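These notes are about the structure you will find just below.
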Amino acid sequence: MTLDRPRFPLPALLAAALLCAVPVRFAAAAPNDSDVRLEVSGLRDAKGRVGCLLFATADGFPSDHAKAHAEKQAVVEGGRATCVFADVPTGTYAAIVWHDENVNGKLDKNFVGIPQEGYGASNDVRPAFSAPGFKESSFAVKAGTVTRMSIRMGY
């Protein structure tokens, strides 16, 4: 007595293997679809733009553009601006925003280092005699969510 094994054509086997692999690929990408929305208020005028830096570590926070996780600019409308960072991985972040009134891409300071344009940090951290720190400004980004931070511009 001989047993016959069922035979599957090679193209059918390849198609089945591809169909099984596709859902795994998409399932792995889904947790990284978190967004961060920085909603900035208290702008004194509509000049220029609002610059936004998002940092994933304390290294470079709050002013080193090269060490920021991402950078955005937003239009000022009605004393408000919003920077949206899409596809932000899960983790801890801190943000800094500034009113770039002369559109030179940086926060202008006087000769002793005091800001001459408005700025703000996540959690509305605003120390009296120093720049905001990463730890005090940090917030969590969770998978598959939209994290909203309201930041009041200070001058």
Side-chain angles (χ1 to χ4, degrees), residues 15 17-155:
L18 284 174
L19 285 174
C20 290
V22 170
V24 172
R25 181 176 163 203
F26 289 124
N32 293 329
D33 63 353
S34 302
D35 291 349
V36 173
R37 290 179 57 90
L38 303 179
E39 298 168 349
V40 184
S41 63
L43 292 133
R44 67 179 169 194
D45 57 49
K47 292 180 192 174
R49 294 179 233 152
V50 169
C52 302
L53 293 173
L54 184 66
F55 286 84
T57 68
D59 187 26
F61 183 82
S63 59
D64 191 340
H65 293 239
K67 293 184 178 179
H69 172 75
E71 181 172 359
K72 298 282 182 177
Q73 293 183 352
V75 177
V76 179
E77 294 179 11
R80 298 181 163 283
T82 302
C83 289
V84 179
F85 297 90
D87 300 322
V88 177
T90 300
T92 301
Y93 295 86
I96 193 84
V97 299
W98 73 98
H99 188 182
D100 190 8
E101 293 175 282
N102 60 359
V103 194
N104 66 351
K106 63 180 184 172
L107 175 64
D108 293 327
K109 299 175 184 175
N110 67 13
F111 67 97
V112 291
I114 297 172
Q116 298 300 294
E117 296 177 303
Y119 73 95
S122 44
N123 298 328
D124 275 335
V125 172
R126 196 166 181 84
F129 300 107
S130 67
F134 182 86
K135 186 175 182 180
E136 301 83 33
S137 304
S138 67
F139 58 92
V141 173
K142 296 178 181 160
T145 64
V146 175
T147 302
R148 286 182 168 76
M149 295 299 300
S150 295
I151 301 174
R152 180 126 179 100
M153 191 68 69
Y155 291 89

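All figures in this text were calculated on a predicted structure; none of them were measured in a lab.
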Query raised in the report: Just wondering, do D124 and I151 contact through their side chains at under 4.5 Å, heavy atoms?
Result: yes
Report task. Enter the distance from R37:CZ to M149:CE here, rounded to the nearest 0.5 Å. Result -> 13.5 Å
Got a list of side-chain donor-acceptor pairs under 3.5 Å for residues 109-120, not counting sequence neighbours?
residue, atom, partner, partner atom, Å
N110, OD1, V112, N, 3.0
N110, OD1, G113, N, 3.1
N110, OD1, I114, N, 2.9
Q116, NE2, I114, O, 3.1
E117, OE1, D108, N, 3.0
E117, OE2, E101, N, 3.0

Report task. Quick one: which residue pairs count as a disulfide (SG to SG under 2.5 Å) with a foot in residues 105-147, not counting sequence neighbours? Result -> none
**Report entry** Spatial distance of atom CZ (R148) from atom OG1 (T82) [nearest 0.5 Å]
**Finding:** 9.5 Å
Query raised in the report: So, do F139 and V36 sit near enough that their side-chain heavy atoms are less than 4.5 Å apart?
Result: yes
Query raised in the report: Which value, rounded to the nearest 0.5 Å, describes the distance between Y155 atom OH and R44 atom CZ?
Result: 5.5 Å
Report task. With sequence neighbours excluded, tell me which residues meet salt bridge (charged side-chain N to carboxylate O under 4.0 Å, His left out) with R152. Result -> none
**Report entry** Euclidean distance, S34 OG relative to F85 CZ, rounded to 0.5 Å
**Finding:** 14.0 Å
**Report entry** Atom pair NE2/CE of H99 and M153 - distance to nearest 0.5 Å
**Finding:** 7.0 Å
Show the atom names and distances, to 0.1 Å, of all donor-acceptor pairs under 3.5 Å that link a side chain in residues 51-64 to residues at least two apart or in another chain.
residue, atom, partner, partner atom, Å
T57, OG1, D59, N, 3.3
D59, OD1, K67, NZ, 3.2
D64, OD1, A66, N, 3.1

Query raised in the report: With sequence neighbours left out, which residue pairs that include part of residues 85-155 fulfil the disulfide (SG to SG under 2.5 Å) condition?
Result: none
Report summary line: In short, disulfide (SG to SG under 2.5 Å) pairs touching residues 102-153 with sequence neighbours left out are none
